[in-house]
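The shown structure was predicted, so the numbers you read here are calculated from the model rather than taken from an experiment. Numbered from 1 within each chain, the chains take letters A, B, ... in sequence-line order. These numbers come from the heavy atoms of this one structure, side chains and all, not from hydrogens, waters or symmetry mates.
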2 protein chains.
Amino acid sequence: MKISTKGRYGLMLLVDLATHEGSAPVSLKSVAERQSLSEHYLEQLIAPLRNAGFVRSVRGAYGGYMLAKPKSEITVKDVILTLEGPLTIVDEDVQDGLEELWEKLKTAILTVLEQTTLQDLVDMKQRSEGGYMYYI
Amino acid sequence: MKISTKGRYGLMLLVDLATHEGSAPVSLKSVAERQSLSEHYLEQLIAPLRNAGFVRSVRGAYGGYMLAKPKSEITVKDVILTLEGPLTIVDEDVQDGLEELWEKLKTAILTVLEQTTLQDLVDMKQRSEGGYMYYI
DNA sequence: GCCATTTCCTACTATTATGGTCAGCATACG
DNA sequence: CGTATGCTGACCATAATAGTAGGAAATGGC
């Protein structure tokens, strides 16, 4: 019962983009360095996110990625479902008489995922980094 | 993001035991037939359940298993955690700044699992089998 | 005592998902 | 033109899952 690194790294990637948002696009290389992730692997993760319209890319030298929507309008659910496919607690069309339980679980999980936006994650991460940066 | 068959078959097994509870112990063979599962595989699943004290066994001919506790006192959480180990949404000690999200998810899931007992599953399954059996 | 039944135990194996790596083309800035 | 970056598809190593296989030990019925 795990979130795969696909979903997790994908969120880290988007949070990083959201954090370093500015006029210029952000290169995957810089994200990979900051987050200590493999650039090649991030390339694979961002492809579906681009296709789904969460980020847009700028090719060529000095290119990179930027969020295509406000960070408060991208939910964790969007990202996880895009990267990991539909949430199947148990395989489709099993008939074990416990469908009601699986349905409850699914709802509970999706509720959390859909109540949390990228904006929330940015805030969350800043809090978790603790400490005040004001006087630096 | 799945419940493995370990947890799922384990629940089916216990629900079957709960349903066929009586004076005599219930053999795995009969459970395997009713639920269309492999007897050998069930053996592997019931071992930890026995060790954890949810069922007790009677060896030898005409032996089998029976619940060691009232079915209203065994929660789905007990069973799943026994069979699948601790619920780790993400690997231990990752530091991705999203710990708060993973914690929320974990809580949401465990809440559902711990509010549901074997008794609930028995009722649930009976309802799902639909139809009234009174006049048969 | 013997046989059938059933639990119990230890390996082994096949398949799948995960978590990547590798190689190379495509595009665009300077 | 050269370098930085995006983009794509193929490939691979490891671990987890989902079982199988084979038999030893216990126990009730005959």
Side-chain angles (χ1 to χ4, degrees), chain A residues 1-13 17 23-33 35-52 55-66 68 80 83-92 94 96, chain B residues 1-13 17 20 23-33 35-52 54-66 68 80 83-92 94 96:
Chain A
M1 194 81 173
K2 276 192 189 172
I3 291 277
S4 79
T5 60
K6 271 185 210 159
R8 199 163 68 80
Y9 291 1
L11 286 174
M12 291 170 73
L13 167 56
L17 285 188
S23 45
V26 177
S27 75
L28 279 194
K29 189 180 177 189
S30 68
V31 175
E33 279 169 3
Q35 307 298 326
S36 306
L37 300 173
S38 143
E39 183 184 349
H40 264 309
Y41 193 36
L42 287 183
E43 283 177 357
Q44 287 178 53
L45 300 185
I46 209 165
L49 293 175
R50 175 170 41 79
N51 293 333
V55 299
R56 58 198 190 76
S57 62
V58 178
R59 301 183 67 160
Y62 299 89
Y65 295 89
M66 45 211 337
I80 300 280
L83 290 173
E84 306 198 7
L87 177 61
T88 50
I89 301 291
V90 301
D91 284 327
E92 307 291 336
V94 295
D96 53 13
Chain B
M1 194 83 173
K2 276 191 188 172
I3 291 277
S4 78
T5 60
K6 273 184 208 160
R8 198 162 69 81
Y9 291 1
L11 285 174
M12 291 170 73
L13 167 56
L17 285 189
H20 296 87
S23 45
V26 178
S27 75
L28 279 194
K29 189 178 176 188
S30 68
V31 176
E33 278 168 3
Q35 307 298 327
S36 307
L37 300 174
S38 146
E39 183 184 350
H40 260 307
Y41 194 36
L42 287 183
E43 284 176 359
Q44 290 180 49
L45 301 185
I46 208 163
L49 293 174
R50 175 171 41 78
N51 293 333
F54 298 121
V55 300
R56 58 198 191 76
S57 62
V58 178
R59 301 183 65 160
Y62 298 87
Y65 296 88
M66 46 210 339
I80 300 280
L83 290 172
E84 306 199 6
L87 176 60
T88 49
I89 302 291
V90 300
D91 283 327
E92 307 291 336
V94 293
D96 54 12

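Residue whose closest nucleotide on DNA chain D sits further toward the 5' end, between B:K6 and A:E43: A:E43. Between B:V58 and B:H40, the residue anchored nearer the 5' end of DNA chain D, judged by the nucleotide with its closest heavy atom, is B:H40.
With rounding to whole Å, A:N51 atom CG is found 15 Å from D:dG6 atom P. A straight line from CD1 of B:I46 to P of C:dT6 spans 14 Å, rounded to a whole angstrom. Straight-line distance from the CD atom of B:E39 to the P atom of D:dT20: 12 Å, rounded to whole Å. Between the OH atom of A:Y65 and the P atom of C:dA28 there is a distance of 13 Å, given to the nearest Å. A:L42 has its CG atom 16 Å from the C1' atom of D:dT8, to the nearest Å. For the pair A:E84 CD and C:dT18 P, the computed distance is 7 Å after rounding to whole Å. Rounded to whole Å, atom P of D:dT8 lies 13 Å from atom CG of A:L49. If you measure from atom CZ of B:R50 to atom C1' of C:dT7, you get 8 Å, rounded to the nearest angstrom.
With D:dG6, C:dG20, D:dA18 as the choices, the nucleotide that has an atom nearest any side-chain atom of A:Q44 turns out to be C:dG20. Nearest to the side-chain atoms of B:A61 among the listed nucleotides D:dG29, C:dT5, D:dG22 stands C:dT5. Counting only heavy atoms from C-beta on, B:Y62 has its side chain closest to D:dG29 among D:dG29, D:dT8, C:dC29. Distance from the side chain of B:R59 is smallest to D:dT27 among C:dC9, D:dT27, C:dT18. Residue A:Y41 has its side chain nearest to C:dG20 when only D:dA21, C:dG20, D:dT5 are considered. Candidate nucleotides C:dT5, C:dT7, C:dG19 were compared by shortest atom distance to the side chain of A:T5, and C:dG19 ranks first.
One finds no side-chain N or O of A:S4 lying less than 4.0 angstrom from the OP1 or OP2 phosphate oxygen of C:dA17. Taking only side-chain nitrogens and oxygens, B:S38 comes nearer than 4.0 Å to OP1 or OP2 of D:dT20.
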